[in-house]
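Single-structure report; data block below.
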Amino acid sequence: MSMEYILNDLNPVQKEAVTTTEGPLLIIAGAGSGKTRVLTRRVAYILGQRLAAPQNLLAVTFTNKAAGAMKERINALLGQNIFALTVATFHSFCARLLRQEAEVIGYSKNYVIFDEDDALAMVRNCVDQVGMSRQQFTPASLRRKISGLKNKMIDAAAYAAKASGYFETRTAEIYSLYERRLRECGAMDFDDLIYRSVQLLEGSEPVRAKYQERFKYILVDEYQDTNHSQYKLLRLLVGPHLNICVVGDEDQSIYGWRGADISNILNFEHDFPGARVIKMEQNYRSTQIILEAASSVIANNIDRKGKTLWTESASGEPLRLFITGTALDEGNAIIDEIQRNLHRCPLKETVILYRTNAQSRAFEDILRRRTIPYQIIGGVSFYQRKEVKDLVAYLKLLANIKDDISFQRIINYPRRGLGESSIEKLFSVAREKGLSLYEISAESELIADLSPRAKKTIGQFHRMMESFRERKSSLNIADLTQQLIDEINLVNHLIEEDPLTGESRVENIEEFVAAAREYVAANPEPNLENFLAEISLYTDIDSFKETEDKLTLMTLHSAKGLEFDSVFLVGLEEGLFPLGRAIEQPKELEEERRLFYVGATRARKNLYLSTAEARNRFGEGGSIPSRFLKELPPALVEVIDTRRNRSNGISSHEIKSVKIEETDTDDGPRYEYEAEEAIRPGRIVAHPTFGRGKVVKVEGSGEGLRLEIFFTGVGLKKIVAKYAKLKVVG
């Protein structure tokens with residue numbers, strides 16, 4: 001195969017990254033620098049040069065969408081479908097690994113994967129089983145704690161050995177019981193997929209050698225987002241050849257809250273001595289002004305390797321900062337701007353990015369009133385919708401009769417007239433005999449405490465499921481699912497349950513069957529277990545449709561990897577963006593700044609920012625503009641003040657352009673006010689102890705001037721101005 005075809009449209013740095021095939025390599029890929037192109041060309045180059053066969057190459061990334069797109073591009077480059085090539089997410093790769101090797105660590109190959117709802121239900125069961133209070137030990141917080149421990153490779157025994165105090169001791173008890181119950185159900189949660197894979201590779205030298213020999217080249221996308229368990233997995237997979245290539249950007253590391261460890265990318269050269277580092281700094285996405293603005297903010301971070309993004313594109317239009325009165329005013333100003341510019345930027349090329357999901361409400365209300373089509377990414381994904389999860393629970397129980405969580409979900413759905421007490425009695429007997437709920441349901445006639453009606457109902461359910469277990473080997477997944485839907489009369493049940501939403505819920509069921517048919521058609525050896533594993537790993541971003549002409553709303557975290565012509569970064573206020581809890585924690589504040597950088601670099605042509613004077617969050621009134629606004633070069637920003645101007649009567653629906661006027665200081669541009677009368681309600685001040693705050697009330701004058709100031713993260717303070725060493729900064 002001609003290598004010219006693979007290399008001819010790459011810039012010199014990209015070409016170097018593609019052709020440097022041997023040994024450890026770190027590619028620092030700045031935003032919009034073509035990292036996907038480099039990854040796919042690198043795979044095609046290795047295969048084209050016959051350095052490895054397809055089965056000897058592993059490429060891992062973080063979303064199914066990215067993995068699918070990467071494989072499509074590689075197949076297009078090579079002109080054929082390379083089925084033996086492994087391009088997958090960390091979780092889906094580990095799910096496949098464990099399908100082959102789970103028995104080595106005492107699991108069945110037919111294990112089921114518990115999604116977050118299933119895992120949470122299991123934690124709830126454990127809390128109830130040991131008689132703990134759900135108010136004192138909330139299942140959600142316990143689930144998060146267990147997840148964090150697994151990501152750090154800390155097992156239940158190790159945590160229990162170091163636990164001290166009542167809370168840690170009881171948490172260790174739940175962790176231990178949760179792990180035991182997972183094994184009894186033949187299940188793994190999401191964290192287990194990587195956690196157990198690491199245990200497998202660490203504990204079995206033959207298995208480790210087998211996969212180190214198989215994968216002669218390993219490529220890792222978004223390396224800055226890897227956590228400790230993913231890092232350990234990669235170290236165990238890399239053989240003596242050390243042919244590992246990681247691509248990432250420390251300035252886009254935004255998942256520390258879920259365990260991502262930025263030190264993995266910062267310490268790559270230390271972990272792999274002799275590693276080469278290639279920096280891709282040419283940006284093909286954004287205008288020069290957008291790049292300069294984003295770079296000026298991220299430059300305030302300390303934990304970074306540093307890079308200088310540049311582009312051959314035009315300098316572009318300035319950033320536009322909307323200063324608004326309230327969250328509602330912010331929504332109206334932004335939607336007005338979007339509608340004004342539809343002639344040059346369609347809805348599908350526009351996104352509103354916010355820090356928290358709750359911020360979407362004000363925008364949604366306005367969009368509905370104006371009948372503007374929109375989609376929210378970050379809501380309930382297709383496979384998390386109730387009717388779909390109920391159907392999946394039937395299939396999961398067919399695949400694994402030890403899955404108690406699925407049994408509990410469907411034993412009385414659709415309604416069969418079973419009461420909670422009957423299910424509790426079944427559960428109690430199952431625990432006594434060491435059997436699963438499904439296994440004990442076969443003996444329901446022998447359970448004395450059950451009523452005759454309950455015995456009959458449970459027996460009928462068991463016989464029905466047994467008939468489908470017998471059909472499982474002879475029917476494809478789609479036909480099996482359709483027959484199951486018909487058998488339980490699911491369509492009629494959904495319509496009768498809620499006539500208003502029933503039709504759309506039936507459409508979701510039909511779509512699920514269609515997805516099963518697509519899976520059967522696309523896989524040479526489809527089976528129920530692998531189908532369930534695949535759909536359990538889908539996220540909301542995998543369903544994002546870029547072709548529909550709808551305005552997109554999403555959190556900043558969801559926007560990673562996407563790009564739009566126009567981006568609106570909203571809610572730029574202290575306590576919201578950056579979040580209040582991050583302000584006093586340097587590492588968390590740096591992650592918030594990286595989040596701003598990620599949001600800003602999603603924009604191709606236009607970047608808009610907005611801040612509201614009053615947000616009314618948690619009963620708080622006034623808001624303080626985000627420090628990130630102060631870190632932007634004023635010359636790059638056009639300020640559009642939409643607030644009512646008392647002196648000239650400008651309405652909030654009119655737009656008034658103003659210039660930023662600043663004084664240069666060591667800390668960057670600041671608003672400066674010298675006169676005492678400038679300290680009035682609404683002013684933003686800096687206090688040497690309490691930080692930034694907003695003046696709420698002013699009393700007295702001269703040496704007796706007293707102020708009430710709301711400080712972010714501190715609250716309301718009453719102080720005497722004479723002794724406060726205040727500096728007015730806005």
Side-chain angles (χ1 to χ4, degrees), residues 21-26 43 46 51-62 67 84-111 113 149-158 179 182-183 186 188-223 225-246 259 261 263-265 267-275 529-530 533 537:
T21 60
E22 306 308 301
L25 173 66
L26 168 61
V43 173
I46 289 170
L51 299 174
Q55 63 268 25
N56 299 133
L57 198 146
L58 168 65
V60 287
T61 185
F62 276 83
L85 179 64
T86 304
V87 182
T89 65
F90 275 98
H91 289 92
S92 59
F93 166 73
C94 288
R96 292 178 212 169
L97 173 68
L98 291 167
R99 287 275 172 237
Q100 299 296 317
E101 312 289 351
E103 291 172 349
V104 176
I105 54 172
Y107 273 87
S108 164
K109 292 182 180 180
N110 292 330
Y111 69 88
I113 300 172
L149 290 168
K150 287 187 178 183
N151 286 334
K152 294 174 183 174
M153 297 302 301
I154 300 171
D155 64 22
E179 292 290 83
L182 279 179
R183 277 194 178 267
M188 296 190 194
D189 61 27
F190 282 165
D191 304 306
D192 277 328
L193 296 176
I194 299 173
Y195 176 61
R196 301 295 177 194
S197 294
V198 171
Q199 287 184 329
L200 167 71
L201 294 171
E202 275 188 329
S204 173
E205 196 280 331
V207 173
R208 183 169 67 252
K210 171 182 171 182
Y211 286 95
Q212 286 183 351
E213 175 63 25
R214 175 180 169 184
F215 296 121
K216 300 186 185 304
Y217 291 90
I218 296 175
L219 294 86
V220 188
D221 190 16
E222 306 285 11
Y223 189 64
D225 292 330
T226 52
N227 62 27
H228 182 65
S229 60
Q230 290 161 341
Y231 165 80
K232 291 201 76 171
L233 176 76
L234 293 168
R235 290 302 303 261
L236 290 163
L237 287 171
V238 175
H241 51 71
L242 292 176
N243 290 334
I244 180 170
C245 167
V246 303
D261 188 350
S263 68
N264 289 348
I265 191 168
N267 296 337
F268 184 81
E269 298 101 306
H270 176 268
D271 292 334
F272 296 95
E529 289 76 16
N530 287 341
L537 299 172

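Throughout, residue positions are numbered sequentially from 1 according to the sequence presented.
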Whether Asp155 side chain and Ala158 backbone form a donor-acceptor pair below 3.5 Å: yes

Return each pair, listed once, that meets salt bridge (Lys or Arg N to Asp or Glu O under 4.0 Å) where at least one residue sits in residues 97-108; pairs must be two or more places apart or across chains. Glu101-Lys210

Should Val198 and Leu236 count as side-chain neighbours, where that means a heavy-atom distance under 4.5 Å? yes

All salt bridge (charged side-chain N to carboxylate O under 4.0 Å, His left out) counterparts of Glu269, not counting sequence neighbours: Lys305

Check residues 85-94 and write down every donor-acceptor pair under 3.5 Å in which the side-chain atom is one partner and the other belongs to a residue at least two apart or another chain.
unit_1	atom_1	unit_2	atom_2	d
Thr89	OG1	Ser92	N	3.0
Thr89	OG1	Ser92	OG	2.8
Ser92	OG	Thr89	N	3.0
Ser92	OG	Thr89	O	3.2

Are any side-chain N or O atoms of Asp261 and backbone N or O atoms of Asn227, one a donor and one an acceptor, separated by less than 3.5 Å? no

Candidate pair Val43 and Leu57, rule side chain to side chain contact (heavy atoms under 4.5 Å, CB included), full reasoning: CA-CA 8 Å; Val43 173; Leu57 198 146; 4.0 Å; yes

Let's go through Leu98 and Tyr107 carefully: what are the C-alpha distance in whole Å and the side-chain angles of both, what is the deciding distance for side chain to side chain contact (heavy atoms under 4.5 Å, CB included) to 0.1 Å, and is it a yes or a no? CA-CA 9 Å; Leu98 291 167; Tyr107 273 87; over 6 Å; no

List the steps, then state whether side chain to side chain contact (heavy atoms under 4.5 Å, CB included) holds for Asn151 with His228. CA-CA 6 Å; Asn151 286 334; His228 182 65; over 6 Å; no

Do the non-hydrogen side-chain atoms of Met153 and Gln199 ever get within less than 4.5 Å of each other? yes

Test of understanding: with salt bridge (charged side-chain N to carboxylate O under 4.0 Å, His left out), list the residues that count as partners of Asp189, not counting sequence neighbours. Arg143, Lys150

Can you name the ring-ring contact (aromatic ring centres under 6.0 Å, His included) partners of Phe272, sequence neighbours left out? Phe268

Can you tell me how far the CD1 atom of Ile105 sits from the CG atom of Leu201, to the nearest 0.5 Å? 9.5 Å

Could you grab the distance from atom CG of Asn56 to atom CD of Glu213, nearest 0.5 Å is fine? 8.0 Å

Do Phe215 and Val238 have side chains that approach each other closer than 4.5 Å (heavy atoms only, starting at C-beta)? no

Are any side-chain N or O atoms of Glu22 and backbone N or O atoms of Asn243, one a donor and one an acceptor, separated by less than 3.5 Å? no

Spacing of Tyr111 atom OH and Leu193 atom CG [to the nearest 0.5 Å]: 5.5 Å

Distance (rounded to the nearest 0.5 Å) between Leu58 CG and Leu237 CG: 6.5 Å

Shortest non-hydrogen separation from Ile113 to Ala95 and the atoms involved: CD1-CB, 4.3 Å

Restricting to pairs with a member in residues 194-204, which pass salt bridge (Lys or Arg N to Asp or Glu O under 4.0 Å), not counting sequence neighbours? Glu179-Arg196, Asp192-Arg196, Glu202-Lys232

Would you say the side chain of Tyr217 lies within less than 4.5 Å of the side chain of Leu51, judging by non-hydrogen atoms? yes

Please round to the nearest 0.5 Å and tell me the distance separating atom OG of Ser263 and atom CG of Asp271. 8.0 Å

Are there more than 12 heavy atoms of other residues, nucleotides or ligands under 6.0 Å from atom NZ of Lys152? no

Just how far is it from atom OH of Tyr223 to atom OH of Tyr231, taken to the nearest 0.5 Å? 6.0 Å

